[in-house]
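What follows is a short report on a single structure.
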Amino acid sequence: MQPSFQPYQQYTMQPAPKKRSCFTPTCGCCLGLGLLVLCPLVAMIACIGIVLRGNPDPLYSDYRADPTAAAEYDVLFDNAIAQARSDGQFNVGIEDRDFESWLNVEYRNNLTENNEGNTEDLPDWVKDMKFQTKFDNNEVTLFGTTEFSGITFNMLIISEVSINTDPVTRPTRPLNVEVSKFQVGSLNMPDSFRTEMADSIADGLSEELTQVNQRYELTSLSIEDGTMRFSGHVVR
């Protein structure tokens, strides 16, 4: 399938201070991905004694958490826009496995920061949560895994991402996300869970965009062959 670019959509961003948002570890952390739903879900499963079967398969044979790749992703948009030449055009490409590194590193950093460096009292299933990501076919795929009471719980989320055209919400959430599949173990989650997870993913993907210290407009987006590409120009 050839990369498809969305029709031009104007998006003007107001600069926002660099500030991380994170849920507390007991309720979910790292942009709400995974633990936002897994925490109450695992508690429910443990209480009623359901053993999940038919876990979704991992995306890869390994899990990446490269601090260097994570740090590079953290400043990607700042650097691209700052280096825009006279015409102010920029094109940013995010590799899926670099984003995976950032997600895993950020998750563990948030656990440490929110517990003042002491994570010993956290449940093992919280500390052992790992993520994988894949960008292809205009979709973002997220895989998460952990163990609870000796049972492996895998989570698979497939979502379509587009540029937000709503003038009310786009300053704080430049990307729209629609979750087409949300599976935990063998369970296909209902619409209400998919909507909640879509909101969390949209916030997570938008976080780096809304922290760029310059106004700009996104003009196109494509997700193909392991890369999510944004194009746009600086507003002068």
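Note that the numbering runs from 1 along the sequence shown for the chain.
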Legend entry - salt bridge (charged side-chain N to carboxylate O under 4.0 Å, His left out) contacts touching residues 128-144 (sequence neighbours left out): none

Inset, instruction - Could you grab the distance from atom CG of N138 to atom OG of S162, nearest 0.5 Å is fine? - result: 10.0 Å

Legend entry - Close side-chain approach of N104 to R64, heavy-atom, < 4.5 Å: no

Inset, instruction - Would you give the length of the straight line joining atom CD of E160 to atom CG of N137, rounded to the nearest 0.5 angstrom? - result: 10.5 Å

Inset, instruction - Apply the test side-chain contact (heavy atoms from CB on, under 4.5 Å) to residues E100 and D96: give CA-CA distance (whole Å), side-chain angles for both, the deciding distance (0.1 Å), then the verdict. - result: CA-CA 6 Å; E100 178 181 318; D96 47 17; over 6 Å; no

Legend entry - Distance (rounded to the nearest 0.5 Å) between L111 CG and M129 CE: 11.0 Å

Legend entry - Result of checking T146, L187, V184 against M155 for side-chain contact (heavy atoms from CB on, under 4.5 Å): V184

Legend entry - Atom pair CG/CZ of D57 and F143 - distance to nearest 0.5 Å: 7.5 Å

Inset, instruction - Compare every heavy atom of P56 with every heavy atom of Q183, then report the nearest pair and how far apart it is. - result: NE2-CD, 3.9 Å

Legend entry - Ionic contact status for R173 with D199, cut-off 4.0 Å: yes

Inset, instruction - Would you kindly say whether N164 and T169 are connected by a side-chain donor-acceptor distance under 3.5 Å? - result: yes

Legend entry - Path from L142 to L59 over hydrophobic side-chain contacts below 4.5 Å: no

Legend entry - Over all atoms of both residues, closest heavy-atom pair of Q132 and D62: NE2-O, 2.6 Å

Inset, instruction - Locate the shortest heavy-atom distance separating F90 from A80; write the atom from each residue and the value. - result: CB-O, 4.0 Å

Inset, instruction - Measure the spacing between CZ of R108 and CG of L103 and express it to the nearest 0.5 Å. - result: 9.0 Å

Inset, instruction - Tell me whether V177 is reachable from L218 by hopping between hydrophobic residues (I, L, V, M, F, W, Y) whose side-chain heavy atoms are closer than 4.5 Å. - result: yes

Inset, instruction - Could you point out which residue of T219, N176, L221 forms a side-chain contact (heavy atoms from CB on, under 4.5 Å) with I163? - result: L221

Legend entry - All side chain to side chain contact (heavy atoms under 4.5 Å, CB included) counterparts of P67, not counting sequence neighbours: none

Inset, instruction - Decide yes or no on side-chain contact (heavy atoms from CB on, under 4.5 Å) for L76 and D98, but give the supporting numbers first. - result: CA-CA 11 Å; L76 191 62; D98 289 346; over 6 Å; no

Inset, instruction - Using the rule that two of Ile, Leu, Val, Met, Phe, Trp, Tyr join whenever any of their side-chain heavy atoms come within less than 4.5 Å, decide whether V179 and M189 are in one cluster. - result: yes

Inset, instruction - Start with the C-alpha distance between E72 and D66, add both sets of side-chain angles, then the distance that settles side-chain contact (heavy atoms from CB on, under 4.5 Å), and finish with yes or no. - result: CA-CA 10 Å; E72 290 173 351; D66 179 1; over 6 Å; no

Inset, instruction - With rounding to the nearest 0.5 Å, note down the distance linking CZ in R97 to OG1 in T227. - result: 13.0 Å

Legend entry - Nearest heavy atoms of E217 and H233, plus distance in Å: OE1-NE2, 2.7 Å

Legend entry - T152 backbone acceptor or donor facing N55 side chain under 3.5 Å: yes

Inset, instruction - For the pair F135 and F99, name the ring-plane relationship: parallel under 30°, tilted 30 to 60°, perpendicular over 60°. - result: tilted

Inset, instruction - Might you point out which heavy atoms bring I157 and F182 nearest each other, and give the distance in Å? - result: CG1-CD1, 3.6 Å

Legend entry - A65 versus S101, closest heavy-atom pair with distance: N-OG, 3.8 Å

Legend entry - Single-linkage hydrophobic cluster, 4.5 Å side-chain cutoff, Y63 and Y107 together: no

Legend entry - Cluster overlap L156 with F131, hydrophobic side-chain contacts below 4.5 Å: no

